[in-house]
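Here it is, the structure, as structure tokens.
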Amino acid sequence: MIRPILLVEECEEDAAAIQVAFRQALVGNEVSVVGSGDEAIAFLEGEGAYANRELFPGPGVLLLELNLPGIDGFDVLKWAETSRKLEDVLVVVLSGHHGIREINQAYALGADTFLFTPCQADD
């Protein structure tokens, strides 16, 4: 079974662009999208709306934006580190943050790679 990709991205336009890029690149994995850290944790735990693992199987890849409402990407990484839910999941952090501190923190919390997004929305 090909495991899905979980994309955690609050910006609908960015999420749509990533999905288009995957289709154009002929990526065969299903892409599930959630817009917050809270939803990401619920999805990864298989809780609430994501309890049916036949409809929402655990991902093989987590694409995680750091700048999220509420629980941010760093908090998701901290949760994952203690829960061990991402041991066999490729964790790709997406961020407009270009500071070495953020990059090092993401790696220290278990990210497998860190990709820079070309721009970020004005706060």
Q | Leu90 side chain reached by Leu62 side chain, heavy atoms, under 4.5 Å | A | no

Q) Quick one: are Val76 and Ile71 in side-chain contact, heavy atoms under 4.5 Å? A) yes

Q: Only one of Val33, Val31, Leu7 passes side-chain contact (heavy atoms from CB on, under 4.5 Å) with Ile18; say which it is.
A: Leu7

Q: Could you tell me the separation between the CG atom of Leu86 and the CG atom of Leu109, rounded to the nearest 0.5 Å?
A: 11.5 Å

Q: Heavy atoms only: give me the nearest Leu68-Gly35 pair and the separation to one decimal.
A: CD2-O, 4.2 Å

(Q) For Ser36 versus Val8, what's the shortest heavy-atom pair and its separation? (A) O-CG1, 3.8 Å

Q: Consider only side-chain heavy atoms of I, L, V, M, F, W and Y, link residues closer than 4.5 Å, and tell whether Val20 and Phe22 are in one cluster.
A: no

Q) So, for Pro57 and Phe43, which heavy atoms are closest and what is the spacing to 0.1 Å? A) O-CE2, 3.7 Å

Q) Side-chain donor-acceptor pair under 3.5 Å between Tyr50 and Glu39, yes or no? A) yes

(Q) For a 4.5 angstrom cut-off between non-hydrogen side-chain atoms, does Val91 reach Thr113? (A) no

Q) CD of Glu47: more than 12 outside heavy atoms within 6.0 angstrom? A) yes

(Q) Would Val89 and Arg3 count as a side-chain contact (heavy atoms from CB on, under 4.5 Å) here? Give the steps. (A) CA-CA 10 Å; Val89 176; Arg3 292 171 61 191; 3.7 Å; yes

Q: Please tell me if the side chains of Ile5 and Pro59 come closer than 4.5 Å, counting only heavy atoms from C-beta onward.
A: no

Q. Is Lys78 paired with Glu81 through a side-chain N to carboxylate O contact shorter than 4.0 Å?
A. no

Q. About how many Å separate CD of Gln19 and CD of Glu9, when rounded to the nearest 0.5 Å?
A. 10.5 Å

Q: Examine Tyr107 and Trp79 and state if one hydrophobic cluster contains both, with Ile, Leu, Val, Met, Phe, Trp and Tyr joined whenever side-chain heavy atoms are less than 4.5 Å apart.
A: yes

Q | Note, Asn29 side chain near Val61 side chain (heavy atom, < 4.5 Å) | A | no

Q | Test side-chain contact (heavy atoms from CB on, under 4.5 Å) applied to Ser95 and Phe74, Phe116, Phe114, the passing residue | A | Phe114

Q. Which pair of heavy atoms, one from Gly73 and one from Leu64, lies closest together, and at what distance?
A. O-CD2, 3.5 Å

Q | Connected via hydrophobic side-chain network under 4.5 Å: Ile41 and Leu6 | A | yes

Q) Looking at Arg53 and Glu45, what are the two nearest heavy atoms and their distance? A) NH2-C, 3.6 Å

Q: Report yes if the side chains of Leu66 and Val93 come closer than 4.5 Å at any heavy-atom pair, otherwise no.
A: yes

Q) Does Leu94 share a hydrophobic cluster with Leu44, counting links as ILVMFWY side-chain heavy atoms below 4.5 Å and allowing steps through other members? A) no

Q.
Within the 4.5 Å heavy-atom criterion, are Pro4 and Phe56 side-chain neighbours or not?
A. no

Q: Give the minimum heavy-atom separation between Glu10 and Pro69, together with the two atoms involved.
A: OE1-CD, 3.5 Å

(Q) So Asp112 and Val92, do their side chains get closer than 4.5 Å, heavy atoms only? (A) no

